[in-house]
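In what follows, every heavy atom counts, from backbone to side chain, and hydrogens, waters and symmetry copies are set aside. Here, residue 1 is the first one in the sequence, and each next residue gets the next number.
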Amino acid sequence: MSNALTPQNPVPVTLVPEKFANPLRQIQGVMAQPAVRRAGPMALMVGLIGAAGLAWSALSTPPQKTLFAGLPDADKAAVTTALSAANIPSHIDDSQGTLTVNEEDFSKARLLLAGQGLPKAAPGGYAILDELPMGVSRAVEGERLRQARETELARSIQEIDAVAEARVHLAMPEASVFVRDNAAPSASIVVKLQGGRSLSDAQVQSIVNLVASSVPGLKPDAVTVVDQMGGLLTKSGDGPDSANDKRIEFQRRVEDKYRQQLIQLLTPLVGAGNFTAEVQADVNLDETSATRESYDKEGRLRAETGNWTGNMATNAPPGGIPGALSNTPPPASQLSTPQPATGNPGTPAPQPAAGGPAPDAAKQTDAFQRAYDLNKEVSVTRAAPGNIKRLSVAVLLRDPEKAKRTAMEIQQINDLVKSAVGFDQARNDNVTVISRKFADASADAAAAPKWYDNALVPMLARNLTALVIALLVLLLGVRPIAKALMKKREDATTAKEAAALADGTKSGGAALTDAAGATAVGPDGEQIAVQQPVSLDQIETSQSYEERIDAVRGFTRDNPARAALAVRDMLVADAKP
């Protein structure tokens with residue numbers, strides 16, 4: 001039974017040594033050792049000084065900003081040499097391969113390196129073709145050629161003053177032997193503009209024409225220009241938006257023309273900055289075209305064609321004896337309505353013209369064809385846009401500091417403005433000129449940059465903060481520790497002197513006493529000065545004046561309260577009569 005209860009394979013139990021059982025107790029034991037206790041304050045002081053040094057180095061060092069990243073070694077060497085020559089500290093991070101400088105030196109370093117043409121970046125443009133190895137495929141060669149062309153176009157665009165950086169992307173399809181499969185190339189341009197600069201429409205159009213002229217088969221309509229904010233700079237020439245932009249641009253040019261005229265007129269009269277002028281021009285931008293045709297009522301006979309036949313028997317001349325039937329009037333004629341001449345035979349005769357001779361009643365048939373020329377006038381009128389329908393001008397003058405402008409002077413300026421802009425009462429033009437005090441420049445001063453926005457303020461703040469931290473560490477940490485060490489040293493010296501005196505007394509050491517103190521000789525032969533209390537009997541038994549003064553000093557040092565009372569009693573006694 002005992003064997004059954006006993007485990008066959010007992011698990012060995014690993015016992016932790018006693019010295020590692022309680023690390024906290026071991027640490028407390030180490031710290032409780034006399035040597036460690038004596039060296040503890042000094043170690044703490046050294047640690048505080050080191051912490052102050054680390055804080056100083058961390059706060060006094062300005063923040064770093066990446067100047068370049070991924071530079072080759074040759075460019076790094078050239079850039080660091082140029083920065084060292086200009087006294088600009090730099091740092092190279094080997095892990096990331098970046099070159100950093102102080103934040104306040106970033107702009108200065110960029111300008112310096114740009115002036116020296118650094119860094120020497122990887123070859124671009126057509127220089128890429130010089131690095132083509134032997135035996136490259138046609139596709140790789142075509143891509144390298146396209147990349148070189150894009151780089152050269154980007155460099156050409158960067159020559160414009162307002163453009164800081166530019167990138168060009170060309171989409172050039174491969175040529176095909178089939179005409180229907182040929183696709184036109186296209187281009188996309190991304191420009192990064194200088195701060196506060198913009199490109200005019202003429203500059204954008206010049207960039208488009210530059211790229212379109214540099215790529216065979218590329219049309220200006222297939223070029224797109226975008227700025228760094230994602231705004232589309234190129235605009236299509238068709239569509240209502242383009243027409244509206246042209247109208248607004250035309251109106252703006254008209255207003256700017258009048259505004260420049262006012263500035264040139266008023267600047268010599270009232271001085272620059274003493275006036276402001278605004279012009280609102282209502283321009284008729286509608287383009288009209290009219291065609292007119294007019295005819296004259298009276299025409300002119302150009303040609304006449306006709307034939308007639310008649311019965312000559314019934315139309316015999318009169319004859320016979322006068323007074324007979326030959327003198328009787330002819331029978332009444334019957335008129336028939338003539339038809340207009342058509343030129344075809346067998347058609348009825350045309351109706352005679354008004355005022356012409358009456359048709360002969362004896363005629364059997366009468367056919368005529370007449371052609372008339374009528375006066376015709378055709379006029380085409382086309383009114384070009386740009387006529388001003390109404391003009392409004394507002395001029396604000398600054399009053400002099402010590403006086404005001406008279407009504408006559410304002411009226412004279414008003415007349416000058418009307419003459420300058422071509423005032424027309426029939427168009428209901430309006431010109432207003434007033435004189436007022438301008439706003440104080442304090443508002444502009446409030447909008448000016450604050451003093452704490454200066455780049456020197458962060459650097460001074462970092463240095464002052466580091467200096468204050470160092471002073472606090474010295475005053476609150478090092479100074480109390482140093483005083484505690486000095487006090488411990490004095491206490492240890494006093495205790496050593498007392499122990500030596502006691503040992504000397506026990507061992508029968510010689511003692512030299514005087515009125516102010518005693519000198520004891522210890523067991524090792526060292527003389528120790530021991531201060532003894534001074535009593536009143538010693539003051540009275542002093543022989544010389546110097547001994548009495550020393551005794552009084554010792555008594556005052558040992559008994560300051562009694563000395564103060566004695567001085568007070570002496571003063572009171574002297575004050576009594």
Side-chain angles (χ1 to χ4, degrees), residues 20 22-69 80 83-110 112 445-499 531 556-557 560-561 564:
F20 298 109
N22 195 345
L24 294 178
R25 184 176 298 176
Q26 298 295 327
I27 293 173
Q28 291 178 358
V30 172
M31 297 299 296
Q33 294 181 4
V36 176
R37 287 179 123 184
R38 288 194 298 268
M42 183 61 66
L44 182 59
M45 184 176 65
V46 172
L48 290 176
I49 294 175
L54 290 176
W56 174 271
S57 62
L59 295 176
S60 62
T61 303
Q64 299 292 308
K65 191 172 183 179
T66 302
L67 186 61
F68 296 107
T80 52
L83 293 178
S84 300
N87 295 326
I88 298 178
S90 60
H91 177 70
I92 297 177
D93 190 356
D94 296 333
S95 60
Q96 300 180 357
T98 57
L99 178 64
T100 60
V101 295
N102 297 340
E103 187 175 2
E104 57 268 14
D105 296 334
F106 179 77
S107 300
K108 181 179 178 182
R110 289 294 297 268
L112 175 67
K450 303 297 183 180
W451 61 269
Y452 48 78
D453 293 334
N454 196 340
L456 296 177
V457 173
M459 181 182 64
L460 295 177
R462 289 193 300 268
N463 294 334
L464 291 178
T465 303
L467 182 60
V468 169
I469 291 176
L471 292 177
L472 290 176
V473 170
L474 292 176
L475 294 177
L476 301 180
V478 178
R479 186 168 175 269
I481 293 174
K483 291 179 67 176
L485 292 176
M486 295 297 296
K487 184 176 181 181
K488 286 184 178 180
R489 184 174 296 178
E490 291 178 358
D491 295 343
T493 304
T494 304
K496 184 177 180 181
E497 291 175 356
Q531 295 290 340
T556 304
R557 182 183 64 249

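Every side-chain contact (heavy atoms from CB on, under 4.5 Å) that P89 has, sequence neighbours left out, goes to N102, D105. For A484, there are no side-chain contact (heavy atoms from CB on, under 4.5 Å) partners at least two apart in sequence or on another chain.
Between atom CG of residue L471 and atom CG of residue L476 there is a gap of 10.0 Å, rounded to the nearest 0.5 Å. Rounded to the nearest 0.5 angstrom, R110 CZ and L67 CG are separated by 6.5 Å. Remark: T465 OG1 to I469 CD1 distance equals 6.5 Å, nearest 0.5 Å. E103 CD to Q64 CD: the interatomic distance, rounded to the nearest 0.5 Å, is 9.5 Å.
At a threshold of 4.5 Å between non-hydrogen side-chain atoms, the residues I92 and T80 count as touching. Side-chain contact check for D93 versus L99: every heavy-atom pair is 4.5 Å or farther apart.
Here the closest non-hydrogen pair linking V101 and F106 is CG2-CA, 4.0 Å. In plain terms, the two heavy atoms of R462 and E104 that are nearest each other are NH2-OE1, 4.0 Å.
Between the T98 side chain and the T66 main chain, no donor and acceptor come within less than 3.5 Å of each other.
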